[in-house]
Amino acid sequence: MASATLTRTFYNLSSLGSSKPHVQRSLDSRRTVGTGGRKSEVRCEAVGVAAGNRKPLVTTVKNGNDSLEICRVLNGMWQTSGGWGRIDRDGAVDAMLKYADAGLSTFDMADHYGPAEDLYGIFINRVRRERPPEFLENVKGLTKWVPPPVKMTSSYVRKNIDISRKRMDVASLDMLQFHWWDYSNNGYLDALKHLTDLKDEGKIKTVALTNFDTERLQIILENGIPIVSNQVQHSLVDMRPQQKMAELCQLTGVKLITYGTVMGGLLSEKFLDTNLSIPFAGPPLNTPSLQKYKRMVDAWGGWSLFQALLKTLNQVALKHGVTIPTVAVKFVLDQPSVAGSMVGVRLGLSEHIKDCSAVFSLKLDEEDVSSIREVISKGKDLMRVIGDCGDEYRRA
């Protein structure tokens with residue numbers, strides 16, 4: 001997760017490469033969804049999934065009466081925040097529609113991911129105009145709120161949630177995932193209680209967390225906050241969530257949504273048989289995510305062991321006729337308590353629809369799982385090196 005700015009900003013999306021105005025409508029107005037313009041068959045399915053059978057692609061996160069159906073491979077929008085290439089507004093929204101049309105209709109963003117929430121607002125309005133009502137029901141927008149650790153009053157929380165609702169142009173946020181920087185300040189409980197009040201008012205559909213550790217998740221649940229999920233870093237290199245966190249999740253029903261699952265692209269054929277110790281010998285680590293997850297590789301076991309992992313994944317991928325990222329995502333999706341995994345989208349610059357769709361027809365057999373586990377078992381236990389989920393953001 002990128003560092004958050006401490007003020008909320010509305011982005012002028014005309015500066016992203018389009019002169020078309022962004023028309024903002026009233027948040028709480030009743031909306032009529034037209035079916036004119038471009039239409040597509042309404043479904044939420046992947047390549048290889050029988051028409052009408054959405055089960056392989058979707059799951060439901062829930063707590064008590066609160067529930068939300070999401071696609072198990074989520075489109076992560078951190079890449080819109082800068083550092084991955086210039087985003088053209090119209091091209092980005094076109095790309096979002098293409099992902100949604102392919103059944104990959106859950107988008108994950110945050111208040112501090114540059115123009116991500118604003119792009120979603122434009123996108124969801126196009127869905128309302130250009131797709132039938134049933135299609136709109138399958139589209140989900142998950143956002144995060146990452147406030148500074150100040151006093152969490154009801155008015156402060158409400159004001160910030162209203163900003164996200166306005167930017168995303170929705171009356172109710174599908175999911176609000178909350179992050180807190182400083183556990184020594186228990187204001188996170190006040191914030192979550194206010195968020196629960198907003199949920200009861202209909203301004204949020206589900207309340208969730210991001211980058212909370214097991215201890216704090218248990219405290220939050222004991223305080224009666226109906227958390228449906230916790231978004232955490234989880235990959236073949238970083239298996240920390242399968243320790244204490246997954247155990248608590250299995251006891252309570254809270255689900256995990258994972259990010260960093262393809263490690264910014266490091267878990268791909270592009271980095272197979274490369275030597276990054278020689279300057280300019282391998283692909284450049286030219287994005288914030290590649291640089292971030294290369295540090296995780298170094299903490300886990302180094303580039304030589306990572307190459308052994310890539311070679312094993314490549315063998316499994318060739319066996320099944322898929323790619324390394326597809327195998328990496330499927331392995332994590334098959335872990336206990338994992339509801340969905342994030343794959344970052346560089347909207348309008350590149351796409352991964354084919355690889356993401358292939359996840360749903362891929363079945364890893366015992367031989368595949370055993371060979372992968374044999375390699376990852378040789379790495380360091382990152383729970384001992386870093387700490388529990390999210391601790392990497394709170395170390396001095």
Side-chain angles (χ1 to χ4, degrees), residues 43-46 49 53-76 103-110 134 136-145 161 164-165 168 170-179 188-189 191-214 216-232 234 241-242 244-259 261 332-342 359-360 389-390:
R43 64 189 187 278
C44 191
E45 62 181 66
V49 179
N53 179 13
R54 300 172 59 211
K55 289 183 179 180
L57 187 57
V58 301
T59 191
T60 299
V61 293
K62 60 184 178 180
N63 188 321
N65 294 325
D66 302 338
S67 67
L68 187 72
E69 186 178 84
I70 61 172
C71 287
R72 296 202 70 202
V73 175
L74 299 89
N75 305 311
L104 301 166
S105 55
T106 300
F107 296 84
D108 180 86
M109 64 212 83
E134 304 95 300
L136 179 63
E137 293 176 3
N138 292 331
V139 176
K140 302 297 190 301
L142 286 52
T143 195
K144 305 180 194 75
W145 182 37
I161 297 312
S164 288
R165 291 170 59 234
M168 296 173 68
V170 293
S172 180
L173 300 175
D174 290 322
M175 178 185 289
L176 191 286
Q177 301 165 103
F178 177 72
H179 174 87
Y188 66 89
L189 290 173
L192 286 164
K193 288 173 183 176
H194 296 317
L195 290 172
T196 302
D197 290 339
L198 291 174
K199 177 188 68 67
D200 293 340
E201 292 178 21
K203 293 187 175 183
I204 300 170
K205 294 177 183 175
T206 53
V207 177
L209 304 173
T210 182
N211 290 314
F212 271 78
D213 66 7
T214 308
R216 254 55 61 161
L217 173 58
Q218 183 167 352
I219 291 171
I220 290 165
L221 293 171
E222 289 172 349
N223 274 267
I225 309 297
I227 298 300
V228 298
S229 64
N230 186 21
Q231 186 177 136
V232 294
H234 193 352
Q242 289 308 313
K244 295 194 298 181
M245 181 63 68
E247 182 179 356
L248 178 61
C249 287
Q250 287 179 283
L251 288 171
T252 61
V254 172
K255 296 297 183 182
L256 299 176
I257 294 175
T258 74
Y259 66 88
T261 308
V332 171
L333 279 177
D334 286 345
Q335 301 308 301
S337 296
V338 174
S341 291
M342 204 87 58
V359 169
F360 303 104
C389 299

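Note that this is a predicted model, so its numbers are computed, not measured.
- Between Lys144 and Asp108, at least one side-chain N (NZ, or NE/NH1/NH2) sits under 4.0 Å from a carboxylate O, which counts as a salt bridge.
- Across every non-hydrogen atom of Tyr188 and Arg216, the tightest pair is OH-CG, 3.3 Å.
- Nearest heavy atom pair, residue Leu57 against residue Gly103, reads CD2-O, 3.2 Å.
- Heavy-atom minimum distance, Ala246 versus Ser337: O-OG, 3.7 Å.
- Looking only at side-chain heavy atoms (C-beta outward), Ser172 and Lys205 come within less than 4.5 Å of each other.
- In this structure, the side chain of Ser105 engages the main chain of Asn138 through a donor-acceptor pair within 3.5 Å.
- Distance check: Leu176 CG to Arg165 CZ gives 11.0 Å after rounding to the nearest 0.5 Å.
- Looking only at distances, a side-chain donor or acceptor of Arg72 sits under 3.5 Å from a matching main-chain atom of Ala339.
- With Thr214 contributing its side chain and Met245 its backbone, the two residues share a donor-acceptor pair below 3.5 Å.
- Side-chain contact between Gln218 and Thr252 is absent, with no heavy-atom pair separated by less than 4.5 Å.
- Residue Val332 comes nearest to Ser341 through the heavy atom pair CG1-OG, 3.7 Å, listed as atom of the first residue, atom of the second, then distance.
- In this structure, the side chains of Ile204 and Thr196 stay at 4.5 Å or more apart for every pair of heavy atoms.
- For the pair Gln242 (side chain) and Pro336 (backbone), a donor-acceptor distance under 3.5 Å is present.
- Lys140 has no carboxylate O lying under 4.0 Å from a charged side-chain N of Asp174, or vice versa, which leaves the two without a salt bridge.
- A distance-only check finds no donor-acceptor pair linking the side chain of Asn63 to the backbone of Val254 [under 3.5 Å].
- Annotation: side chain of Val228 is not in contact with side chain of Leu68 (no heavy-atom distance under 4.5 Å).
- At least one donor-acceptor pair under 3.5 Å links the side chain of Thr106 to the backbone N or O of Cys71.
- To the nearest 0.5 Å, atoms CG (Asn211) and CG (Asn230) are separated by 7.5 Å.
- With contacts defined as side-chain heavy-atom distances shorter than 4.5 Å, the pair Leu142/Phe107 does not qualify.
- Ser229 OG to Gln177 CD: the interatomic distance, rounded to the nearest 0.5 Å, is 5.5 Å.
- Inspection of the Thr143 and Ser164 side chains reveals no N or O donor paired with an N or O acceptor under 3.5 Å.
- The local environment of CD in Glu247 is sparse, with at most 12 non-hydrogen atoms from other residues, nucleotides or ligands closer than 6.0 Å.
- Nearest heavy-atom pair, Cys249 versus Leu217, reported as atom, atom and distance to 0.1 Å: SG-CD2, 4.4 Å.
- Contact check for Asn223 versus Lys193: side-chain heavy atoms found under the 4.5 Å cut-off.
- In this structure, Thr210 contributes its side chain and His179 its backbone to no donor-acceptor pair below 3.5 Å.
- Contacts of Lys199 classified as salt bridge (charged side-chain N to carboxylate O under 4.0 Å, His left out), with partners at least two apart in sequence or in another chain: Asp66.
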